[in-house]
Engineer: 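Before I ask anything, here is the structure I am working with.
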Amino acid sequence: MAVLDVQGLQTHFFTHGGVVKAVDGVDLRVEAGEILGLVGESGSGKSITGFSVIGLIDPPGRIVGGHIRYLGEDLVGAPERRLRALRGKEIAMIFQDPMMTLNPVLRVDTQMVEAIHAHEKATAKAALARARDALAMVGIPSPDERLRAYPHQLSGGMRQRVAIAIGLLNHPRLLIADEPTTALDVTIQAQILHEVQKLCRETGTAMIWITHDLAVVSGLADRIAVMYAGRIVESGATAAVIGSPSHPYTLGLIDSIPTRATHGTLLRQIPGMTPSLLNLPPGCAFRPRCGRASDECLMVPQAAPGPAGKVVRCWNS
Ligand SMILES: Nc1ncnc2c1ncn2[C@@H]1O[C@H](COP(=O)(O)OP(=O)(O)OP(=O)(O)O)[C@@H](O)[C@H]1O
Ligand SMILES: [Mg+2]
């Protein structure tokens, strides 16, 4: 059974300006020990997808359709009590902003021990030892000193690493990491990616790694789902998505990655701009930017089986 099986998820925001369909019919599946990379431009709905899974959608937002099955249990409509018990324990999220995890008025050791005690009885000594291990895992030097610090005494990169360590603390079965390494320098980023990959392999943690950076997930993820304007436009094994993209949007993303070969030449860009979700064009949302657009594209393409076991939403792929 998949650890996470999301089907037809729709999360909409009912704003004064209209209905923002931030997530509109998303399907995702992650098995134990597997890493799924969720990729897309800013505003495509990646974070809202993650928040939906951990049950953190607040008004004016609401899950209006679909299923989020965690080990077979549908979390859509599950009581808040049940979600609270799962959150931070079996299902953890590392947020884009570390201060969504960290409490500014508590020392790091206090918060880490509390995060453990929220879900289990452990001696203070054992909890502290686990906190220290988690900090070491994300490459924090002199962890004892950091444990005694308050968040404001840490650099931004260090805060981010502490937040990642808190996410790992209770050995979640499902970990959703929302661009947690974007602000870190490349060597630290590589170390963290290596560690989380090892964690998934060794403990069977299922992971969703959210990023706008296709280069990051190409080395990390087993499978990739590409998101555009609230929908997954292409998903499949990493090699199949990156090596032979089927959707014109995926192709555009790959073409805009700098490589050594393109050094000195002007990078190709996807023409046009990400559409406003309040004002989506009818049919395929990528149509106005797409070189392959045809008359069919005025109708929303359904997710269909593509080459190499992929699922693709495009009339002309
Ligand atoms: N509270 C809200 N009210 C109205 N619209 C919202 C709200 N929260 C998010 N949205 C909209 O939902 C869409 C998806 O947002 P989301 O944060 O998931 O994007 P993202 O893919 O994570 O982008 P980024 O890469 O910039 O983090 C955006 O258009 C955003 O404006
Ligand atoms: Mg985001």
Side-chain angles (χ1 to χ4, degrees), residues 4 6 8-28 30 36-66 68 75-76 91-102 156 159-160 163-164 167 175-184 189 207-218 220-221 224-235 241 247 249-250 252-254 256-257 269-270 272-281 284-286 288-289 313:
L4 182 72
V6 174
L9 179 66
Q10 293 177 294
T11 306
H12 296 176
F13 289 88
F14 297 86
T15 72
H16 293 300
V19 181
V20 177
K21 298 180 177 173
V23 176
D24 204 25
V26 159
D27 301 328
L28 293 175
V30 201
L36 173 74
L38 182 58
V39 189
E41 286 171 302
S42 185
S44 55
K46 306 181 298 293
S47 295
I48 299 302
T49 301
F51 292 159
S52 302
V53 171
I54 57 166
L56 286 185
I57 297 294
D58 293 319
R62 199 154 44 87
I63 295 178
V64 295
I68 299 171
L75 301 183
V76 173
I91 305 179
M93 182 153 176
I94 304 169
F95 298 97
Q96 227 165 339
D97 172 3
M99 292 314 287
M100 275 190 64
T101 303
L102 298 174
R159 276 203 286 270
Q160 188 55 279
I164 295 170
L175 181 63
I176 302 170
D178 192 358
E179 309 236 22
T181 59
T182 309
L184 302 176
Q189 176 169 351
M207 188 163 82
I208 300 178
W209 193 273
I210 295 176
T211 181
H212 63 273
D213 189 344
L214 205 53
V216 164
V217 286
S218 65
L220 176 74
I224 288 182
V226 180
M227 195 159 183
Y228 188 79
R231 297 192 182 116
I232 306 291
V233 294
E234 173 165 6
S235 64
V241 173
H247 197 284
Y249 176 63
T250 315
L253 280 182
I254 290 169
S256 50
I257 299 177
Q269 274 190 325
I270 302 173
M273 299 229 298
T274 319
S276 153
L277 293 182
L278 269 177
N279 206 353
L280 282 182
C284 172
F286 190 60
R289 302 172 77 181
R313 262 186 197 265

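Heavy-atom basis, side chains included; hydrogens, waters and symmetry copies ignored. As the structure lists them, so they are numbered: ligands from 1, and atoms in each ligand from 1. Computed from a predicted structure; not experimentally measured.
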Engineer: Please state which protein non-hydrogen atom is closest to atom 27 (O) of ligand 1 and give its distance, to 0.1 Å?
Structural biologist: Gln96 NE2, 2.9 Å
Engineer: Does ligand 1 have any atom sitting under 4.0 Å from a heavy atom of Gly40?
Structural biologist: no
Engineer: With a 4.5 Å cut-off on side-chain heavy atoms, are Val23 and Phe51 touching?
Structural biologist: no
Engineer: Does the side chain of Ile68 come within less than 4.5 Å of Ile63's, by heavy atoms?
Structural biologist: yes
Engineer: Minimum heavy-atom separation for Val26 and Arg231, please, with both atom names.
Structural biologist: CG2-CA, 4.3 Å
Engineer: List the closest protein heavy-atom neighbour of atom 11 (C) of ligand 1: residue, atom name, distance to the nearest 0.1 Å.
Structural biologist: Val20 CG1, 4.0 Å
Engineer: Answer with yes or no whether Gly45 contacts ligand 1, where contact means a heavy atom under 4.0 Å from a ligand atom.
Structural biologist: yes
Engineer: If you measure from atom 18 (O) of ligand 1 to every heavy atom of Ile48, Leu278, Val23, which option wins on shortest distance?
Structural biologist: Ile48
Engineer: To the nearest 0.1 Å, how far is atom 13 (C) of ligand 1 from its closest protein heavy atom, and which atom is that?
Structural biologist: Leu277 CD1, 3.5 Å
Engineer: Check whether Lys21 reaches the backbone of Gly230 with its side chain - one donor and one acceptor, N or O, closer than 3.5 Å.
Structural biologist: no
Engineer: Could you tell me whether any N, O or S atom belonging to Gln96 is less than 2.8 Å from the Mg ion (ligand 2)?
Structural biologist: yes
Engineer: Of the protein's non-hydrogen atoms, which lies at the shortest distance from atom 25 (O) of ligand 1, and what is that distance?
Structural biologist: Lys46 NZ, 2.8 Å
Engineer: Answer yes or no: is there a donor N or O on one side and an acceptor on the other, between the side chain of Asp27 and the main chain of Gly8, under 3.5 Å?
Structural biologist: yes
Engineer: Which atom pair, heavy atoms only, marks the closest approach of Gly61 to Phe13?
Structural biologist: CA-CD2, 3.3 Å
Engineer: Does a donor on one side chain sit under 3.5 Å from an acceptor on the other, for Glu41 and Tyr249?
Structural biologist: yes
Engineer: Return the closest protein heavy atom for atom 17 (O) of ligand 1 as residue, atom name and distance.
Structural biologist: Ser47 CB, 3.7 Å
Engineer: I need the nearest protein heavy-atom contact for atom 8 (N) of ligand 1: residue, atom name and distance, please.
Structural biologist: Phe13 CZ, 3.6 Å
Engineer: Could you tell me whether the side chain of Val216 reaches within less than 4.5 Å of the side chain of Gln189, counting heavy atoms only?
Structural biologist: yes
Engineer: Which residue owns the protein heavy atom closest to atom 26 (O) of ligand 1, what's the atom, and how far is it?
Structural biologist: Ser42 OG, 2.5 Å
Engineer: I'd like to know if Glu41 contacts ligand 1, where contact means a heavy-atom distance under 4.0 Å to any ligand atom.
Structural biologist: yes
Engineer: Does atom 31 (O) of ligand 1 have a protein non-hydrogen atom under 4.0 Å from it?
Structural biologist: no
Engineer: So which heavy atom in the protein is nearest atom 12 (O) of ligand 1, and how far is it from that ligand atom?
Structural biologist: Ala22 CB, 3.3 Å
